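Take a look at the structure set out below.
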Amino acid sequence: MLHLSLKELNRQFRNGTLSSVTLLESTLRRLDLIKDLNVFISECRDEALEAAKISDKYRTESTPRPLEGLTVAVKDNFCVKGTRTTCASLMLDNFVSPYNATVVEKSINAGGIIIGKTNLDEFAMGSGTTDSFYGPTRNIWRSGIKYRLQDVNGNDVGETGGLDGTWAVAGGSSGGSAVAVAAGAAVVGLGSDTGGSVRIPAAWCGITSIKPSYGLVSRHGLIPLVNSLDVPGLMARTVQDLDTFFRVLCGRDIMDSTTVEFNCSDEEINLNKVKFGVPREYYCEGMTDEVLQSLSEVCDILEYSGSRIVSTSLPHTSLAVPCYSVLNPCEVASNMARYDGLEFGLRGEDESSTDALYASSRSSGFNEVVRGRILAGNYFLLKKHYDEYFLQGLKIRRLILNDFLNCWDEVDFLVTPVCLSDAPSYSDYIKEDNRTQTAKQDHCTQPVNLAGLPAVTVPVKLSSRSLPLSVQIIGPYGSDLKLLKLAKILEEKVNFPKIILEEE
Ligand code: GLN
């Protein structure tokens, strides 16, 4: 039952063949089955069981809520009251959150059951979930665990999962949530997306995701990476589930002054009237033929369904990664200042002076990636460098936004690859450092964050290595619901298979 969509689960809940407790019990067995994938940093088994009992009571006594009894995996950079919230860093290894992030609170109020806190790259810096203090997360699609594949109509379409060579990375930084959802250990997953961290793992794990328009979903209780770029991102196995989850989470929040009222158009979409652009600049060196082929097949499907597809240009795209690489460390340097070993975070051993305490806390609490970004950010923010780096970065950010604004005069949406290839094997991925991988893998994802726009990803086919290949659809600000509708249409047409683990 763990691979079922929310709609089917709800049907079974309604006719009494399934209860929240039974669903949760199978989920907990699933957590045991995928233990070696290193998906969770902490599990919330007891709390989840209590919540499932309450949920069953709720279902019998009143109208079920939108996520009634459904399991939610939460990236470990969102605060969940009473749980450790580590950001996958030794710095916060024993930080227990005293409150719920708004998205967590909304999930719980809608009947969702939090099953655990998932792995990520330390402080969400990375694209692979390879740089966590708790070790890397393995991609269920190539992890050594055997599984069957089932198409949308429930037909078996193969058996696979064997390992030739090493296991594949999950994608990051929200890799734990993506694998939890792909493996059926959660119906929906919460991640955060600053430069691609929800879309990349979703793409590599064969599930759907949405990076909402900036401000539509509250960041309150999401431990910040880059406040001006961060958004909570959502993942699910089907677009319908994603849509339900999105509607639960979005809306203005007095705890996050950057949120806006939710008034996205919910109009139906007629593909005959839609014009898609394929941005020339999203092709980049290192992108595999298979990725390009899958994009072109998606364009064919859309064209065959009556849409128009045109080649378009976003001329400043190549500046997005350099711009992000300046703005990200600048905000990181300022955000990370709070972890001083006195007020927040691990307390270092050297107490000979306050400075020595700061230094020992920060050098032992953070990994090399985080320390590197703090150093870079402080360098860019020095008075003598400020104009040349930070201000320049802000100006380029504006050019990137303008590219998108100009292109909406010509096309309604953009369809692009998500990353350069299918999920790389771990041994290949770590041949290059975090910075190099981020600069490469985020080519098609970072511009969207810099412009604050919404984007969805949809898995479309399997590569020659039997790993998922996905596409991204980007829309104008506030077109989130339309994107979900487009994603749903595409999902129906591509019939991408789902993983069924043996136990089911
Ligand atoms: N890979 C990017 C980075 O390391 C994006 C991370 C994210 O979206 N959280 O900064």
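Please read all numbers here as calculations on a predicted model, not as lab measurements. For ligands, and for the atoms within them, numbers begin at 1 and follow the listed sequence.
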| message | Regarding Lys81 and Glu105, does a basic nitrogen lie under 4.0 Å from an acidic carboxylate oxygen? | response | no

| message | Tell me whether Arg435 contacts the main-chain N or O of Arg373 through its side chain, where contact means a donor paired with an acceptor under 3.5 Å. | response |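 Checked: no pair found.
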
Which pairs of N or O atoms, one from ligand 1 and one from the protein, are separated by less than 3.5 Å, and what is the distance for each pair?
residue	atom	partner	partner atom	Å
ligand 1	1 (N)	Gly126	O	3.1
ligand 1	1 (N)	Ser127	OG	2.9
ligand 1	1 (N)	Thr438	OG1	3.2
ligand 1	1 (N)	Asp442	OD2	2.7
ligand 1	4 (O)	Gly126	N	2.8
ligand 1	4 (O)	Arg373	NH1	3.4
ligand 1	4 (O)	Arg373	NH2	2.7
ligand 1	4 (O)	Thr438	OG1	3.4
ligand 1	8 (O)	Thr194	N	2.8
ligand 1	8 (O)	Gly195	N	2.7
ligand 1	8 (O)	Gly196	N	3.3
ligand 1	8 (O)	Ser197	N	3.1
ligand 1	8 (O)	Ser197	OG	2.7
ligand 1	9 (N)	Ala124	O	2.9
ligand 1	9 (N)	Thr194	OG1	3.4
ligand 1	9 (N)	Ser197	OG	2.7
ligand 1	10 (O)	Tyr324	OH	2.6
ligand 1	10 (O)	Asn328	ND2	3.2
ligand 1	10 (O)	Arg373	NH1	2.8

| Worked check of side-chain hydrogen bond (donor to acceptor under 3.5 Å, both in side chains) between Asp241 and Ser5 | CA-CA 7 Å; Asp241 297 2; Ser5 68; 4.8 Å; no

| query | Taking Arg219 as the fixed residue, which of Asp230, Asp253, Thr102, Thr258 is the one that meets the side chain to side chain donor-acceptor pair (under 3.5 Å) rule? | reply | Thr258

| Does a sphere of radius 6.0 Å around CZ in Arg398 hold more than 12 heavy atoms from other residues, nucleotides or ligands, not counting ones at 6.0 Å or beyond? |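 No.
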
| Summary of side chain to side chain donor-acceptor pair (under 3.5 Å) pairs that have at least one residue in residues 172-193, sequence neighbours excluded | Lys75-Ser173, Lys75-Ser174, Lys75-Ser192, Asn77-Ser192, Thr118-Ser177, Ser173-Ser197, Asp193-Arg199, Asp193-Asn449

